[in-house]
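Below is one structure, written out as structure tokens, with a few remarks after it.
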Amino acid sequence: QVQLQESGGGSVQAGGSLTLSCAFSAVITYTYCMGWFRQTPGKEREGVAVIETDGGGNSYADSVKGRFTISHDKGKATVFLQMNSLIPEDTGMYYCAAFARSIRKPGCGLRPDDFDFWGRGTQVTVSA
């Protein structure tokens, strides 16, 4: 079982920065794909960034490339999302998610349906 807890959301003006944190507890014998997703009312949940906890690669949505950075602190069991140059379109509820990588699911992509465990979310609001 994986437990996830997000923090760090808030309100910021356009051009500002925020850092989201996701503290997770998990069975350490697995490697995980960890991701950040966001959702606004009336829209589908979209992948923002993902990272492989075994030191592998990461991926970003085109809309955040060059502005957001996902990172993983293994010692603190925390995944971060550094968000710079925020724009109003970044507003939404941000969720941390995870799944254990396996032969059946070896990759680490931005599809929400691949993720088995979810946090409760943290709100990010960017004003113009």
Side-chain angles (χ1 to χ4, degrees):
Q1 187 71 16
V2 176
Q3 294 182 328
L4 305 167
Q5 179 65 58
E6 304 96 335
S7 61
S11 298
V12 65
Q13 288 190 327
S17 298
L18 282 173
T19 300
L20 305 183
S21 300
C22 174
F24 68 93
S25 62
V27 177
I28 61 174
T29 55
Y30 296 105
T31 60
Y32 293 86
C33 175
M34 304 287 298
W36 287 97
F37 297 79
R38 66 187 180 192
Q39 189 169 22
T40 54
K43 292 187 177 182
E44 293 186 355
R45 191 169 295 187
E46 65 169 337
V48 174
V50 294
I51 189 167
E52 300 168 4
T53 62
D54 60 354
N58 50 47
S59 298
Y60 297 90
D62 288 342
S63 59
V64 306
K65 283 181 181 177
R67 301 189 297 121
F68 290 11
T69 302
I70 189 170
S71 60
H72 170 231
D73 186 324
K74 187 176 182 179
K76 295 182 179 179
T78 303
V79 174
F80 301 96
L81 185 68
Q82 175 67 44
M83 305 186 294
N84 298 325
S85 302
L86 284 161
I87 59 178
E89 289 76 12
D90 293 322
T91 294
M93 185 68 77
Y94 281 69
Y95 297 91
C96 180
F99 69 86
R101 297 173 67 203
S102 65
I103 294 176
R104 184 174 64 88
K105 291 200 295 188
C108 186
L110 292 168
R111 295 197 314 167
D113 288 348
D114 287 341
F115 288 76
D116 300 313
F117 306 101
W118 293 84
R120 294 187 176 185
T122 185
Q123 178 67 35
V124 171
T125 303
V126 184
S127 57

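Heavy atoms only: backbone and side chains are in, while hydrogens, waters and symmetry mates are out.
- Residues Q123 and T91 are in side-chain contact: their nearest non-hydrogen atoms beyond the backbone lie under 4.5 Å apart.
- Remark: R67 engages V64, S85, I87, D90 in a side-chain contact (heavy atoms from CB on, under 4.5 Å) (not counting sequence neighbours).
- Nearest heavy-atom pair across S127 and P88 is C-CG, 4.4 Å.
- Residue L86 holds its CG atom at 5.0 Å from CZ of F68, rounded to the nearest 0.5 Å.
- Other residues, nucleotides and ligands contribute only 12 or fewer heavy atoms inside 6.0 Å of the CD atom of Q5.
- With salt bridges taken as basic N to acidic carboxylate O contacts below 4.0 Å, one links R38 and E46.
- Closest approach of G107 and C33 over heavy atoms only: O-CB, 4.3 Å.
- Considering T19, T122, V124, L20 as possible partners of L81, the one that fulfils the side-chain contact (heavy atoms from CB on, under 4.5 Å) test is L20.
- For P112 against W118, the heavy-atom pair with the smallest separation is O-CZ2, 3.5 Å.
- A ring-centre distance under 6.0 Å is not found for F24 and F117.
- When all heavy atoms are compared, the tightest approach of Y94 to E6 is O-OE2, 4.1 Å.
- Between the CG atom of D73 and the SG atom of C22 there is a distance of 12.5 Å, given to the nearest 0.5 Å.
- More than 12 heavy-atom neighbours from other residues, nucleotides or ligands sit within 6.0 angstrom of NZ on K105.
- Between the side chain of T31 and the backbone N or O of R101 there is no donor-acceptor pair closer than 3.5 Å.
- Between M83 and W36 there is no side-chain heavy-atom pair separated by less than 4.5 Å.
- Here the closest non-hydrogen pair linking V50 and F115 is CG1-CZ, 3.8 Å.
- In this structure, the side chains of Y60 and T69 come closer than 4.5 Å at one or more pairs of heavy atoms.
- The two residues S21 and T78 come nearest to each other via the heavy atoms CB-CG2, 4.1 Å.
- With M34 as reference, L4 is the one residue of N58, L4, I70, V2 to meet the side-chain contact (heavy atoms from CB on, under 4.5 Å) rule.
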